[in-house]
Amino acid sequence: MSFRLNDRQQEAVQATEGPVLVIAGAGSGKTRVLTERIAYLVQEKGIHPYNILAFTFTNRAAREMRERLEQSSPGISERLWVGTFHATGVKILRSHGREIGVSDRFTIYDADDSLDLIKDILSRQGLHGQLIRSPRAIRDQISRWKNDLMTPDLVASGVTDNLKKRIVSVYREYERALARANALDFDDLIARVVELFSVHSQAKDHFARRFQYVLVDEFQDTNPIQMALIDALASYHKNLFVVGDDDQSIYSWRGAKVDHILNFEDLYSGTRVVRLEQNYRSTQMILDAANHVIAHNKGRKGKNLWTDGDRGEKVGLIVSMDEETEAMNMLNTVNTLVTDGHQLRDIAVLYRTNAQSRALEDVLKLGGLPYQIIGAVRFYERMEVRDILAYCKLLVNPADNISLKRILNVPRRALGKTTYENLSVMAGKNNVSIMEILKTGVSGLGTAQIKRCAEFVKLFTDLEGVAAREEAPAVIQAVLDETKYRDYLRDGFPDSDSRVENVDELVTAAEIFTETSEDRSLRAFLEEIALVADIDTWDEVQGQLTLMTLHNAKGLEFDCVIIAGVEEGLVPHYNSLDKQEDLEEERRLFYVGMTRARKRLFLSYANMRRRMGIIEGGSPSRFLYEVPEECLDGSIASDENLLFAETDSDGTAGRPMRFFEGRPRAATQKREFEDYSQEEVYYTVGMRVIHNDFGKGVVRRVEGAGENLRVTVIFDGGGERKFLAHYAPMRPMN
DNA sequence: TGGTAGAGGCTTTTT
DNA sequence: GCCTCTACCA
């Protein structure tokens, strides 16, 4: 990037008063604008950092902004509030939560804790298995309601069907259980602040007056509850500065609304709009490719990125037979790039789903290439780490029934399911926590159980003593020692070595935490790790290849980017084929991936892929065809039988828009498929077919082989059906 | 209560 | 294809 700000950037930095909307294209220097603006406010306008609040999307982005500010103006970041919505919510609730009945010792439930709680409620209500939706789906529904500011009462008023009613009752009970356990879930960290502000205007006034300037990064990915928080905080001074790019909105599934950015000017009158379209990151070739792809979206403000830098090399195309071959081809590509003088740490492989990392990982291990995966199996989600953390959470907040449930019988102490259920019922009857029941004396159980419970209470009270005296690392160490947890791992798990390593790693993490934090308590440590995302721990300094999802890559950039699995079914994903909005979000996701690249971009797809254990035929993503041919190095499926046809003339998005005539793969790529029977490749995803009973349709999935070859078809007349291809009166259309 | 085998779900993305 | 949960038996 050039040293001086360009005129647009300058304008954004200096437009300090009133609402400002910055439409910042990928690579247009928005992070720089944000930090320069804060520095400008402090240095030129004499604003105290205490009066400035900035929201970032990740903790990592917050840390980076702090570091940059420290470089240009030392000391500035100390009293400044920069953080994610969630971290900021926690801060506010710790100091003011009491006013709405939130104790300052509340526990944060992450997504898995929430899930455990929902399962607990379902089994208590005897609903397990009765609700069509899985606990996971119920959790996600509840989360969406919360993010839309819908309380159980509000939801209930509009619900008539029985299934929904039952889900609402789970929602209601979920909220009660959270309150009883003195716990807040992720969504509460924001929602409860909004509640606080609406119930206690003094609290709202306090913060609204304090924050003279509010800045929001990645504004396109804010959801209604976050918007409500922003609006409240900026309500007094009205100096709201938001930066975003509607083309990079990729979190609608988390409740984010692009409308917030599209309608910002209507929401805040007198908004000044600044557009940043000059790109300082990528070559013109990469920008051309990306611009053409995103131009296919209808719901956007429209922009065109340009650079006065190099034209650059064409976008590489990697075509492979299956995912293993794809992985090997990518390894080769990476090796070539390294030979060309690129560093491993400047190369990233991006993919749509975490599951795709597996094949890659295997090959990279074989190839001896150092790599780091962001987000595959999260450290803090590992079973053994969660066990120890459950002990810790319980020590900080004994009312946390879900954590108690997790560890009551871990390691084994003969306090199993039945005992837990009995205790749970007793606690419910007396309206106290399960720990309370345990401590005040258990009745109605056998003498053996009563004795075991007493032993558990003794163990826990001892640990409480340690927790009262010691800092986080010592407490965790005590938990490990006194529960003999390492022995439990060694005795019962074949892979105990890495598990023991993980719990030791947790102690190390706590030690590192105490070295850098003022508050060294266990509570502070738990709070810190509850909010870390995988991307926050990413270490870009090491000489390693980086692997991550397209979502995780938001806000990052690399010299070289390889996007894997650019296929129908992955990008765009199966679950997003049916609705136009979903499809456009997939396109934005692909666009985000493309625009991460500074110098070299590679797009890769495979003709076959194993998905959930089943081999499926894949076809190149429709998005690939949206990249201009002159930008591509190589051509997509050099297959003469490949036909181009738009099947969505009626506006129904979601049907693959291209199809193969006849049996292209079997006929022309026979050599590659010698190992497979012809039937396996006879139907391909995206192929047009005609069925005697149901008429015309499009193949959505192909699974199995031979007589078991199953084909899922979406029919033009609506409806999706699965057939055994061998027996169904169906054939490909010509 | 604990162990095991089999069933069933899952894999879209995450603070 | 893998992981988690459940049901059933010891």
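No experiment lies behind these values; they were computed from the predicted model shown. Chain naming here is simple, since letters A, B, ... match the order of the sequence lines and numbering starts at 1 in each. Because only heavy atoms are used, hydrogens play no part in the values below, and waters and symmetry mates are left out as well, while side chains stay in.
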Review point. At under 4.0 Å, does any side-chain N or O of Asn223(A) touch on OP1 or OP2 of dT15(B)?
Key: no
Review point. Think Asn409(A) has a side-chain N or O under 4.0 angstrom from the OP1 or OP2 of dG2(B)?
Key: yes
So which nucleotide from [options] ends up closest to the side chain of [X]?
| X | options | value |
| --- | --- | --- |
| His551(A) | dT14(B), dT1(B), dT15(B) | dT14(B) |
| Asn552(A) | dG2(B), dC5(C), dT15(B) | dT15(B) |
| Thr418(A) | dT15(B), dC10(B), dT1(B) | dT1(B) |
| Thr353(A) | dT13(B), dT15(B), dC5(C) | dT13(B) |

Between the protein and nucleotides 3-8 of chain B, are there any N/O to N/O pairs under 3.5 Å, and if so, what are the atom names and distances?
unit_1: dG3(B); atom_1: OP2; unit_2: Arg412(A); atom_2: NH1; d: 2.7

Using atom [atom1] of [X] as one end and atom [atom2] of [N] as the other, report the distance to the nearest whole Å.
| X | N | atom1 | atom2 | result |
| --- | --- | --- | --- | --- |
| Glu218(A) | dT14(B) | CD | P | 15 Å |
| Asn575(A) | dT11(B) | CG | P | 10 Å |
| Arg144(A) | dT13(B) | CZ | P | 15 Å |
| Asp185(A) | dT14(B) | CG | C1' | 14 Å |
| Ile190(A) | dT14(B) | CD1 | P | 17 Å |
| Ile529(A) | dT15(B) | CD1 | P | 15 Å |
| Ile374(A) | dT13(B) | CD1 | C1' | 15 Å |
| Lys119(A) | dT4(C) | NZ | C1' | 7 Å |

Review point. Looking at Val561(A), Ile562(A), Thr595(A), which hits side chain to side chain contact (heavy atoms under 4.5 Å, CB included) with Leu601(A)?
Key: Val561(A)
Point to revise | For Ile92(A), the option from Ile190(A), Leu189(A), Val193(A) that meets side chain to side chain contact (heavy atoms under 4.5 Å, CB included) | key: Val193(A)
When all nucleic acid strands are considered with a 4.0 Å heavy-atom cut-off, which category describes [X]: base, sugar-phosphate, or nothing?
| X | result |
| --- | --- |
| Tyr251(A) | sugar-phosphate |
| Asp187(A) | nothing |
| Arg588(A) | nothing |
| Gln226(A) | nothing |

Review point. Which pair of non-hydrogen atoms, one from Asp113(A) and one from Ile108(A), has the smallest distance, and what is that distance?
Key: OD2-O, 4.0 Å
Review point. Of Leu589(A) and Arg413(A), whose closest DNA chain B nucleotide lies nearer the 5' terminus?
Key: Arg413(A)
Exercise for review: Begin from the C-alpha positions of Thr107(A) and Asn397(A) and carry the test side chain to side chain donor-acceptor pair (under 3.5 Å) through to its verdict.
Suggested key: CA-CA 7 Å; Thr107(A) 301; Asn397(A) 172 18; 2.8 Å; yes
**Study point:** Interface with DNA chain B, restricted to residues 400-407 of chain A and to heavy atoms under 4.0 Å
**Key:** none
Taking distance alone, no hydrogens or angles, what donor-acceptor pairs closer than 3.5 Å link side-chain atoms of residues 448-455 of chain A to residues at least two apart or in another chain?
unit_1: Gln449(A); atom_1: OE1; unit_2: Arg452(A); atom_2: NH1; d: 2.3
unit_1: Gln449(A); atom_1: NE2; unit_2: Ala414(A); atom_2: O; d: 3.1
unit_1: Gln449(A); atom_1: NE2; unit_2: Thr419(A); atom_2: OG1; d: 2.8

**Study point:** Centroid distance under 5.5 Å and plane angle under 30°, Trp253(A) vs dT13(B)
**Key:** yes
Exercise for review: Measure the acute angle between the ring planes of Phe85(A) and Phe55(A), then classify it against the limits of 30° and 60° as parallel, tilted or perpendicular.
Suggested key: parallel
Check your understanding: Under 30°, 30 to 60°, or over 60°: which ring-plane class applies to Trp145(A) and Tyr171(A), parallel, tilted or perpendicular?
Key -> parallel
Review point. In whole Å, what separates the C1' atom of dT11(B) from that of dT6(C)?
Key: 22 Å
Review point. Nearest nucleotide by nearest heavy atom, which residue falls closer to the 5' end of DNA chain C, Asp116(A) or Arg610(A)?
Key: Arg610(A)
Practice item. For Arg358(A) and for Lys417(A), locate the closest nucleotide of DNA chain C by heavy-atom distance; then report the residue assigned to the nucleotide nearer the 5' terminus. Key: Arg358(A)
Point to revise | From CZ (Arg596(A)) to CD (Glu557(A)), nearest 0.5 Å | key: 8.0 Å
Review point. Can Glu323(A) and Arg358(A) be said to form a salt bridge (charged side-chain N to carboxylate O under 4.0 Å, His left out), step by step?
Key: CA-CA 10 Å; Glu323(A) 78 249 65; Arg358(A) 195 193 211 93; over 6 Å; no
**Study point:** Asp221(A) and Lys554(A): CA distance, side-chain angles, deciding distance, salt bridge (charged side-chain N to carboxylate O under 4.0 Å, His left out) verdict
**Key:** CA-CA 11 Å; Asp221(A) 284 321; Lys554(A) 182 166 100 155; 2.4 Å; yes
Review point. Within 45° of the axis and under 6.0 Å from the centre of the six-membered ring of Phe590(A), does NZ or CZ of Arg587(A) qualify?
Key: no
